[in-house]
Amino acid sequence: MTCGVLRFLARSSIKRKSFGGPISTEPRINDRIRVPEVRLVGPNGEQVGIVSIGDALKLAQESDLDLVEVAATARPPVCKLMDYGKFKYESAMKAREARRNQAHTIIKEIKLRPKIDPHDYETKKGHVVRFLKAGDKVKVTIMFRGREQSRPELGFRLLQRLAEDVTELGFVESQPKQDGRNMIMVIGPHKKKAEAKAEKAAAKAQRASDSESESEFESEFESESVEQESAPAE
């Protein structure tokens, strides 16, 4: 048994050594490009044509640029003249900006009682509407107490009513299900988080524009009133 384990470990060690380290995802640049010829693209996207690797490297040196392999599987490989350091920096900044603007869906929670009064129901429904408009999911929990646990249909009907009331803004993503003393349903928004944020930003910008226009109108009106008051009487 011990000998078998040792042999297995030895084979595993050999396999790890044969595979080497992780495969690099970076493109080959400059003298790392080991092919006889390449299809060269200029720094502004112009097609130079098929040239020898030596000529391509010479052009890169004369232009104070890097020779970057952009399509390794093409025959011959496609290379482009560019400032690779600047290219990597700009790519990293774009990726960072994309992550910053990426919208994450948040799950909000609303808790109700089976025998909720009409006023409280409207208040809770208003919260659900606000969450869905913002592009967030809503987890609706019905809490049963005492004898209410023997009447699960009350909670089911209440969840159905709420889903129907907000059907224009969301849909039932997870049907009502019993979870101990609670009954849970999840409502998902029709709009994505990013769309909701974009609409909110557009509405805010529109309000700011309307407010600015109103201020300019009031200023012009006040100026005209002052001019009329200061004009000499005929």
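Side chains included, hydrogens not; waters and symmetry mates left out as well; all remaining heavy atoms used.
Cluster membership for Ile187 and Phe156, using ILVMFWY side-chain heavy atoms within less than 4.5 angstrom, is shared. Taken together through direct or relayed side-chain contacts under 4.5 Å among Ile, Leu, Val, Met, Phe, Trp and Tyr, Val172 and Val138 form part of one hydrophobic cluster. The cluster map of Ile, Leu, Val, Met, Phe, Trp and Tyr, joined by side-chain heavy atoms under 4.5 Å apart, puts Ile107 and Met143 in different clusters. Ile184 and Ile110 sit in two unconnected hydrophobic clusters of ILVMFWY residues. Membership requires side-chain heavy atoms under 4.5 Å apart, directly or through other members. A continuous path of Ile, Leu, Val, Met, Phe, Trp and Tyr side chains, each step under 4.5 Å between heavy atoms, connects Val140 with Leu169, placing both in one hydrophobic cluster.
Between Leu158 atom CG and Ile142 atom CD1 the span is 4.0 Å, to the nearest 0.5 Å. Atoms CZ and CG, on Arg145 and Asn182 in that order, are 10.0 Å from each other to the nearest 0.5 Å.
Sorted by first and then second residue, the side-chain hydrogen bond (donor to acceptor under 3.5 Å, both in side chains) pairs with a member in residues 53-75 read Arg28-Glu69, Asn30-Asp66, Ser52-Asp55; sequence neighbours excluded.
In this structure, Lys137 and Pro189 have side chains that are in contact, with non-hydrogen atoms separated by less than 4.5 Å. Under the 4.5 Å side-chain criterion, counting only non-hydrogen atoms from C-beta, Pro76 is in contact with Ile50. Counting heavy atoms from C-beta on, the side chains of Leu154 and Glu148 never come closer than 4.5 Å. Annotation: side chain of Pro114 is not in contact with side chain of Arg151 (no heavy-atom distance under 4.5 Å).
Closest of all the heavy-atom pairs between Phe144 and Gly155 is CZ-CA, 3.9 Å. Minimum interatomic distance between Pro77 and Glu37 (heavy atoms only, all atoms of both residues): CD-O, 3.9 Å.
Residue Leu59 shares its hydrophobic cluster (ILVMFWY side chains chained together at separations under 4.5 Å) with Ile33, Val35, Val38, Leu40, Val48, Val51, Ile53, Leu57, Leu65, Leu67, Leu81.
Among residues two or more places apart in sequence or in another chain, the ring-ring contact (aromatic ring centres under 6.0 Å, His included) test is passed with His190 by Phe171. Contacts of Lys88 classified as salt bridge (charged side-chain N to carboxylate O under 4.0 Å, His left out), with partners at least two apart in sequence or in another chain: Glu26. Residues that satisfy the side-chain contact (heavy atoms from CB on, under 4.5 Å) test with Asn44, not counting sequence neighbours, are Glu46.
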When the side chains of residues 120-129 are checked against the rest of the protein, which donor-acceptor pairs come out under 3.5 Å, sequence neighbours left out?
| residue | atom | partner | partner atom | Å |
| --- | --- | --- | --- | --- |
| Tyr121 | OH | Asp165 | OD2 | 2.5 |
| Glu122 | OE1 | Lys125 | NZ | 3.3 |
| Thr123 | OG1 | His119 | O | 3.1 |
| Lys124 | NZ | Lys111 | O | 3.4 |
| His127 | ND1 | Arg130 | NH2 | 3.0 |

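The number of heavy-atom neighbours closer than 6.0 Å to CD of Glu153, taken from other residues, nucleotides and ligands shown, is above 12.
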